[in-house]
> 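I am attaching a structure below and will ask some questions about it afterwards.
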Amino acid sequence: TVVERRAEIRAARGFCSVHGSILAGNSRTLGTAIIHHDVINDVLRGFPQSTNARVRLTSTLAGAFNGVRDALTKTLRPQRECVLCAHERHHERIVLETLINHLNDDALRAAFAQSDGVCMPHLQVAARLKGVEEANLRLLIDLQRGIMEKVRGELEAFIHKSNGSYEFVAMNEEES
C-alpha cells in the first residue's frame, strides 16, 4: 500500500543519489515534494531540540554534546536500503535465475551465445545465486567466457588498428 511504501522510504531516509536524481523532473515535482516532506518530518522527530552554544563551550558538558552528535547520527542513518535499489535487486535476481535455469533450452542458449552476454556485476550476482541448477550456471559461465573472449579479440583489433603505424582499414572491411 501507499502508507507502507512511504514508511519504507522514510526508513531509508529517501532514495539513494542515483534514484533520487531520476525523480527530478517537472512532471514529478508534487510527488517528489511530498516524499521529501515526509522524510524531513520523520528526521526532525529525532533531531536534537537545541545545540545550545554553552554546551559546546563547557568542557564538563562535552559529553552531553557527544550525546547530541550520537542522537543526530542515529536519526540520520537509514534503517533500510533505498526502496528502488531493493526493487531492482529483487527483479535482477528473478531475471538471472530465469536465464540460468532455462539455458538448457537450445534456442535460448544459441541466442545468448550470440548476444553481448551479461555485464560483470550481473555475472557476479549470478555466480552467488542459490536455487539455480549448477549445470546451467556452469553453462552460463562457459558461454560468458566465449562472449568475453570475442569482445577481447575485437578490442585487441581496435587497439591494434588505432596504432599510428597501422594502415587504415575500417572495422569489418577486413571480413569482405
Side-chain angles (χ1 to χ4, degrees), residues 1-28 31-32 35-36 38-39 42-43 73-176:
T1 68
V2 173
V3 172
E4 291 165 341
R5 184 64 61 195
R6 285 178 67 177
E8 292 171 352
I9 294 168
R10 278 193 308 275
R13 296 299 182 241
F15 296 103
C16 68
S17 59
V18 171
H19 290 116
S21 67
I22 292 171
L23 291 176
N26 292 337
S27 64
R28 298 182 193 103
T32 302
I35 289 169
H36 285 97
D38 203 24
V39 169
D42 196 54
V43 167
T73 300
K74 182 178 178 185
T75 296
L76 295 173
R77 182 178 303 127
Q79 294 130 26
R80 63 161 292 147
E81 70 178 319
C82 169
V83 175
L84 295 176
C85 287
H87 180 76
E88 280 181 350
R89 195 169 32 269
H90 172 74
H91 288 279
E92 168 187 73
R93 191 187 82 246
I94 291 170
V95 169
L96 288 170
E97 286 175 351
T98 302
L99 170 67
I100 294 168
N101 286 330
H102 291 89
L103 274 177
N104 54 0
D105 177 80
D106 293 336
L108 178 61
R109 188 171 53 253
F112 185 81
Q114 295 302 310
S115 76
D116 293 331
V118 294
C119 65
M120 288 187 216
H122 284 132
L123 185 60
Q124 185 178 16
V125 170
R128 291 190 314 257
L129 286 174
K130 307 291 184 217
V132 295
E133 296 178 30
E134 184 178 325
N136 287 355
L137 180 56
R138 290 175 185 269
L139 185 54
L140 173 71
I141 293 167
D142 291 342
L143 290 167
Q144 186 68 36
R145 173 184 287 280
I147 291 165
M148 291 172 78
E149 287 172 348
K150 179 183 171 205
V151 170
R152 179 180 60 189
E154 292 170 352
L155 291 170
E156 286 170 353
F158 174 77
I159 291 166
H160 177 72
K161 290 176 183 180
S162 296
N163 181 338
S165 64
Y166 185 81
E167 184 179 327
F168 178 77
V169 176
M171 291 294 285
N172 295 328
E173 279 187 24
E174 66 275 3
E175 297 173 3
S176 302

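Keep in mind that what you see is a predicted model, and the values were worked out from it rather than measured.
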> So do the side chains of Ile159 and Asn163 get within less than 4.5 Å of each other, counting heavy atoms only?
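No; the side chains remain at least 4.5 Å from each other.
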> To the nearest 0.5 angstrom, please state how far the CG atom of Leu99 sits from the CD1 atom of Ile94.
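CD1 of Ile94 is found 13.5 Å from CG of Leu99.
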> Using a strict threshold of under 4.0 Å (side-chain N to carboxylate O), is an ion pair present between Arg89 and Glu92?
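No, no charged N to carboxylate O under 4.0 Å.
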> At what distance, to the nearest 0.5 angstrom, does NE2 of His19 lie from NE2 of His87?
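Here the rounded value is 9.0 Å.
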> If I compare all heavy atoms of Cys82 with all of Cys16, which pair ends up nearest, and what's the gap?
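Distance-wise, the nearest heavy atoms are SG-N, 3.5 Å.
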> Looking only at non-hydrogen atoms, find the nearest pair between Lys130 and Glu97 and report the distance.
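Closest approach of Lys130 to Glu97: O-OE2, 3.7 Å.
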> Does a salt bridge link Asp106 with Arg109, judged by any charged N lying under 4.0 Å from a carboxylate O?
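Judged by the 4.0 Å cut-off on N to carboxylate O distance, Asp106 and Arg109 do form a salt bridge.
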> For residues Ile147 and Ala113, report the shortest heavy-atom separation together with the two atoms involved.
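Scanning both residues, the minimum pair turns out to be CG1-O, 3.8 Å.
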> Rounded to the nearest 0.5 Å, what separates atom CZ in Arg10 from atom CZ in Arg80?
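If we round to the nearest 0.5 Å, Arg10:CZ and Arg80:CZ are 12.0 Å apart.
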> Is the closest side-chain heavy-atom distance between Leu137 and Leu140 below 4.5 Å?
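Yes, close enough: below the 4.5 Å cut-off.
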> Of all heavy-atom pairs between Ile35 and Ile9, which one has the smallest distance, and what is that distance?
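Reported closest heavy-atom pair: CG2-CG2, 3.7 Å.
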> Taking side chain as C-beta onward, heavy atoms only, is Arg145 less than 4.5 Å from Ile141?
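Answer no - side chains too far apart.
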> Other residues, nucleotides and ligands only: do more than 12 of their heavy atoms fall within 6.0 Å of CZ on Arg138?
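Result for CZ/Arg138: open.
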> Atom CD of residue position Gln114 - does it have more than 12 heavy atoms of other residues, nucleotides or ligands inside 6.0 Å?
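No, the 6.0 Å shell around CD holds no more than 12 heavy atoms from other groups.
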> Is the closest side-chain heavy-atom distance between Phe15 and Ile22 below 4.5 Å?
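When only atoms from C-beta onward are counted, Ile22 and Phe15 do not touch, as no gap falls below 4.5 Å.
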> Do Arg13 and Arg77 have side chains that approach each other closer than 4.5 Å (heavy atoms only, starting at C-beta)?
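SC-SC contact between Arg13 and Arg77 ruled out.
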> Let me confirm one number: the CG-CE distance from Leu123 to Met148, rounded to the nearest 0.5 Å.
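Output value for this atom pair is 7.0 Å.
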> Is the number of heavy atoms from other residues, nucleotides or ligands under 6.0 Å of Glu149 CD greater than 12?
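Counting other residues, nucleotides and ligands, CD of Glu149 exceeds 12 neighbours.
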> Just by modelled atom types, is the Gly117 backbone N or O under 3.5 Å from a matching donor or acceptor in the Gln144 side chain?
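Not at all, since once roles are kept as given, no pair shorter than 3.5 Å links the two residues.
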> Any side-chain heavy atom of Leu96 sitting closer than 4.5 Å to one from Leu129?
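Leu96 reaches Leu129 side chain to side chain.
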> Of all the heavy-atom pairs spanning Asp105 and Leu108, show the shortest one and how long it is.
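Answer, listing the atom of Asp105 first, then Leu108: OD2-N, 2.8 Å.
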> If you look at every heavy atom in Asn101 and Glu133, which pair is closest and at what distance?
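Scanning both residues completely, I find the closest heavy atoms to be OD1-N, 2.9 Å.
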